[in-house]
Amino acid sequence: MRIVSLLFILILSLFASPEAAQELGYYSDYNTALSVAKKEKKSMMLVVVTSYCPWCRKFERKTLASASIAPLVKSMYVPVIVDRNKDAATFPERFQTPRIPTVFFIDPKDGMEYWESIGYLNKKEFSEALNDAGNLFKKRQK
């Protein structure tokens, strides 16, 4: 019975992520998001996941989709989510990390990362990361 349960969970996790961008209201194309970030003069938040990662699914469902985090992300950042394996050709190689989930905060002026969050973070931890990255971005703009 344990093997059947594990197989079921594995199969579900393989089909979980492509809809995440749409469900969260995030961009799924790096270049489009970068253009919007430049236009709006907002930092870009790049979330790198894989379709087989259970921690990525948990981060998407429990943290990114939460009522306290979702509006904060939308107000402060231009969010984009990509699958490290499936979307590898669509975003810069420097963000193709082996550690997932990883969130990169990117300055739209130069396309460079200025803050990084690695691994699953709960709502409180991620809220702090969002605020820290936001404060750092404001300092960079001066």
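Values below: all heavy atoms of this structure, side chains included; hydrogens, waters and symmetry mates excluded. Note that this is a predicted model, so its numbers are computed, not measured.
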Does Lys109 reach the side chain of Gln141, with side-chain heavy atoms less than 4.5 Å apart? yes

Considering all heavy atoms, the nearest Met44-Ala37 contact: CB-CB, 4.2 Å

Contact summary for Trp55 and Tyr120, nearest pair of heavy atoms: CE3-CB, 3.7 Å

Ser35 side chain vs Asn31 backbone, donor-acceptor pair below 3.5 Å: yes

Would you say the side chain of Lys62 lies within less than 4.5 Å of the side chain of Asn122, judging by non-hydrogen atoms? no

How long is the gap from CG on Asp110 to CZ on Arg140, to the nearest 0.5 Å? 5.5 Å

Atom pair NZ/CG of Lys58 and Leu121 - distance to nearest 0.5 Å: 11.5 Å

Compare every heavy atom of Gly134 with every heavy atom of Met76, then report the nearest pair and how far apart it is. CE-CA, 3.8 Å

Let's go through Val48 and Arg99 carefully: what are the C-alpha distance in whole Å and the side-chain angles of both, what is the deciding distance for side-chain contact (heavy atoms from CB on, under 4.5 Å) to 0.1 Å, and is it a yes or a no? CA-CA 9 Å; Val48 180; Arg99 303 164 297 191; over 6 Å; no

Can you tell me how far the CZ atom of Arg61 sits from the CG atom of Leu24, to the nearest 0.5 Å? 11.5 Å

Nearest-0.5 Å distance, CG of residue Leu34 to CZ of residue Phe91: 14.0 Å

On a heavy-atom basis, which atom in Ser51 and which in Asp83 lie closest, and how many Å separate them? N-OD2, 2.9 Å

What is the distance from atom CZ of Phe126 to atom CG of Leu64, rounded to the nearest 0.5 Å? 5.5 Å

Do Pro79 and Val47 have side-chain heavy atoms sitting under 4.5 Å apart? no

Please tell me if the side chains of Phe105 and Leu136 come closer than 4.5 Å, counting only heavy atoms from C-beta onward. no

Counting N and O atoms only, with roles assigned by atom type, does the side chain of Lys42 sit under 3.5 Å from a partner on the main chain of Val36, one being a donor and the other an acceptor? no

Using the rule given for side-chain contact (heavy atoms from CB on, under 4.5 Å), can you reason through Phe137 versus Tyr77, listing the C-alpha separation, both sets of side-chain angles and the distance that settles it, and then say yes or no? CA-CA 10 Å; Phe137 181 67; Tyr77 302 97; 5.9 Å; no

Start with the C-alpha gap between Val82 and Phe95, add the side-chain angles, then the distance that decides, and say whether side-chain contact (heavy atoms from CB on, under 4.5 Å) holds. CA-CA 10 Å; Val82 295; Phe95 300 125; over 6 Å; no

Show, in sequence, the C-alpha distance, side-chain angles and deciding distance for Glu125 and Thr63, and conclude whether the side-chain contact (heavy atoms from CB on, under 4.5 Å) test is met. CA-CA 9 Å; Glu125 294 165 333; Thr63 303; over 6 Å; no

Shortest non-hydrogen contact from Cys53 to Pro101? SG-CD, 4.3 Å

Between Lys74 and Gly25, which heavy-atom pair has the shortest distance, and what is it? CE-O, 3.4 Å

With rounding to the nearest 0.5 Å, note down the distance linking CD1 in Ile100 to OH in Tyr52. 4.5 Å

